[in-house]
Student: 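After the structure tokens below, expect a handful of questions from me.
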Amino acid sequence: MTQITATTKEAYKLIHKGALAFGRAERQGFRIDVEYCQKKKEHLSRKIAHLQKKLEETKLIKTWKESIKGQINTDSNHQLAHVLYNVMKITPPKTTKSGKGATDEDALTQINLPGIQLILQIRKLRKMRDTYLDAFLREQTGGYIHPFFNLHTVRTYRSSSDRPNFQNIPKRDKEAMQICRRALFPRPGHQLLAVDFSGIEVMIAACYHKDPTMLSYLEDPHSDMHGDMAHQIFVLDEYDAEIEKAGGLKKIPEFKVLRNATKNGFVFPQFYGDYYGNNAVSLACEWGKLSKGKWKKGQGLPMPDGHLSDHLIKNGIKSFDQFTEHMKKIEEDFWDRRFAVYGQWRKDWVKEYQKKGFFDMHTGFRCKGVMSRNEVCNYPIQGAAFHCLLWSFIEVDRIMQEEQWDSRLIGQIHDEMLLDVHPDELEHVTRTIQKVTCQDLSKAWPWIITPLEITNSLSPVDCSWGNMEDIDL
DNA sequence: GGAACTCGCCAC
DNA sequence: AAACGTGGCGAGTTCC
């Protein structure tokens, strides 16, 4: 097991002060609409029962009943895998870690039998009801939940949260987000304010490797790393005039999708230690909507003048295998040329760890024990990035008490802090946090050589966490 | 009857 | 040579 220790007095203090600041947020709690949770739970239960009834009428369930002794359970993935892969003899689209046929969303979508969609819909609704609304009701007392924030559980010296977990409430799926976050409110007459660091892990990584190309990307607000990578991966040279005219890749909807795919299917996975093989599947199949075989014309995502397959074929990439080869070259170029200093840092950092048996974070924590290459490269970044939030949280908490704010810190999600603010204090609170996060922190920790930026989002007075809107200050 | 496991899925 | 980092948690299942 990896052991982590504070090697500096400052690191030791950070944890102690952090525990106290989190304790105050825990005691404060997050106001919850109990009646809404109960009503929504019943509503979801009715919906689930309805879908269950429809599921009962499918051929899949008929086969299921014939092949299972005793009571069938449509919530059992074990039984589902048996029916699909043993009885119906379908080839599993993918396997689980332990080598059995997978029944996750990705696998089931590829099978796409009548009834499969119903199972997936039921899963989503059950997740909302059982993992979130149920937990809120179970944990609430006096109309408030008091999520815990732990500083002693995570290998990288991040935090975790439980009872209930405040750090995994739905956000990306808009329907699930609304249903779950609609349960949580500021105190009467107050607003919710969320402040998060923009790209903090990339910023902190650069404080270790100091790659000049990366530093200029981070310092120049007009540069666009993901856009440049999308341009290279999808060979967009022929559109240069068009992109120039639009004022950037992001301004053309078709290319914005490719940029997003690049960011989430190549750049970030590469930073975490992924390789071109997985990237190729993610980019071509999941994002690009292309097949794993030879490509035909008119397939995949739309382009300004046709489809993705047309464009790639024209540029000599005619199949998934050729795209994989292409991605191999992109990866080499990424680490050996574009970010050569970053690439060398990773090699040196691992070598140094192998020699010493430990490494130190910028924030004064030492990690020792047996770790993989990816762990050795990721931990110091993930840990120190969270410590930026922790330091800021402690400082905001201190000022909040000293100035006797009515506003309160109520939680934190790794790179974001959440406050329940009085409207009259909003401007002062946001200014204070801006100063703490973007100025004071960098002064306190001179190893931070990248600009730190935050974004704010706000709910209207008396509106729920499902109503956050970005604000400029 | 509870501990420990697998699987799936939510967040950063 | 290998191949995505960190968590919590619910349900089902298996082990003791």
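Here the structure is a predicted model, which means the values were calculated and not measured. Chain A is the first sequence line, chain B the second, and so forth, proteins listed ahead of strands; every chain is numbered from 1.
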Student: Can you give me the N/O atom pairs linking the protein to nucleotides 14-16 of chain C at distances under 3.5 Å, or say none if there are none?
Tutor:
none

Student: Tell me whether A/His387 contacts the main-chain N or O of A/Thr363 through its side chain, where contact means a donor paired with an acceptor under 3.5 Å.
Tutor: no
Student: Verify the contact: side-chain N or O of A/Ser76 to OP1 or OP2 of C/dT13, cut-off strictly under 4.0 Å; return yes or no.
Tutor: yes
Student: Tell me which residues in residues 15-42 of chain A put a heavy atom below 4.0 Å from DNA chain B, sorted by number, or none.
Tutor: none
Student: Could you note down all residue pairs passing salt bridge (charged side-chain N to carboxylate O under 4.0 Å, His left out) where residues 31-42 of chain A supplies at least one of them, sequence neighbours left out?
Tutor: A/Asp33-A/Arg182, A/Glu35-A/Lys39, A/Lys41-A/Asp134
Student: Round to the nearest Å and state the distance from A/Gln71 atom CD to C/dA11 atom P.
Tutor: 18 Å
Student: Is A/His82 close to A/Ser76 at the side-chain level, that is, under 4.5 Å between some pair of heavy atoms?
Tutor: no
Student: Taking NZ from A/Lys347 and C1' from C/dA2, how many angstroms apart are they, rounded to a whole number?
Tutor: 15 Å
Student: Holding to side-chain hydrogen bond (donor to acceptor under 3.5 Å, both in side chains), I want the full list of residues that pass it with A/Asn456, two or more places apart in sequence or in another chain.
Tutor: none
Student: Rounded to whole Å, please give me the gap between CG in A/Asp274 and P in C/dC4.
Tutor: 6 Å
Student: In B/S/- notation, 5' to 3', how is nucleotides 5-12 of chain B contacted by protein heavy atoms closer than 4.0 Å?
Tutor: -SSSBBSB
Student: Using whole Å, what does the distance between atom P of nucleotide C/dG5 and atom CG of A/Asn279 come to?
Tutor: 13 Å
Student: What nucleic acid atoms does A/Asn73 come within less than 4.0 Å of, heavy atoms only: base, sugar-phosphate, or nothing?
Tutor: sugar-phosphate
Student: Below 6.0 angstrom between ring centroids: does that apply to A/Phe166 and A/His146?
Tutor: no
Student: What's the CG-C1' distance between A/Asp134 and C/dA11, to the nearest Å?
Tutor: 13 Å
Student: Classify the nucleic acid contact of A/Arg138 as base, sugar-phosphate or nothing, counting any heavy atom under 4.0 Å across all strands shown.
Tutor: sugar-phosphate
Student: Any pair with a residue in residues 270-289 of chain A that passes salt bridge (charged side-chain N to carboxylate O under 4.0 Å, His left out), sequence neighbours left out, goes on the list, sorted by first then second residue, please.
Tutor: none
Student: Excluding sequence neighbours, so at least two apart, what forms side chain to side chain contact (heavy atoms under 4.5 Å, CB included) with A/Val376?
Tutor: A/Trp349, A/Val350, A/Tyr353, A/Phe359, A/Met371
Student: How close or far is atom P of C/dC4 from atom CD of A/Glu331, stated in whole angstroms?
Tutor: 12 Å
Student: Please name all residues satisfying side chain to side chain contact (heavy atoms under 4.5 Å, CB included) with A/Thr450, sequence neighbours left out, ordered by chain then number.
Tutor: A/Met203, A/Ala206, A/Cys207, A/Leu215, A/Leu218, A/Ile448, A/Leu452
Student: Which residues satisfy the side chain to side chain contact (heavy atoms under 4.5 Å, CB included) test with A/Asp228, sequence neighbours excluded?
Tutor: A/Tyr217, A/Arg338
Student: Once salt bridge (charged side-chain N to carboxylate O under 4.0 Å, His left out) is applied, what residue pairs with a partner in residues 94-113 of chain A remain, sequence neighbours excluded?
Tutor: A/Lys94-A/Asp104, A/Lys94-A/Asp106, A/Glu105-A/Lys124
Student: Show every salt bridge (charged side-chain N to carboxylate O under 4.0 Å, His left out) that has at least one partner inside residues 339-349 of chain A, sequence neighbours left out.
Tutor: none
Student: Nearest to the A/Asn378 side chain among C/dT6, C/dA11, C/dG5, which nucleotide is it?
Tutor: C/dG5
Student: A/Gly277 near the nucleic acid: base, sugar-phosphate alone, or nothing, with a heavy-atom cut-off under 4.0 Å?
Tutor: nothing
Student: To the nearest angstrom, how far is A/Asn278 atom CG from C/dA3 atom P?
Tutor: 10 Å
Student: OP1 or OP2 of C/dT6 less than 4.0 angstrom from a side-chain nitrogen or oxygen of A/Tyr379, does that happen here?
Tutor: yes
Student: Please report, rounded to the nearest Å, how far the P atom of C/dT6 is from the CG atom of A/Asn150.
Tutor: 17 Å
Student: Consider the side chain of A/Thr153, meaning its heavy atoms from C-beta on, and name the nucleotide among C/dG8, C/dT6, C/dC4 that approaches it most closely.
Tutor: C/dG8
Student: By salt bridge (charged side-chain N to carboxylate O under 4.0 Å, His left out), which residues pair with A/Arg123, not counting sequence neighbours?
Tutor: none
Student: Using a heavy-atom cut-off of 4.0 Å across all strands, would you classify A/Ser372 as base, sugar-phosphate, or nothing?
Tutor: nothing
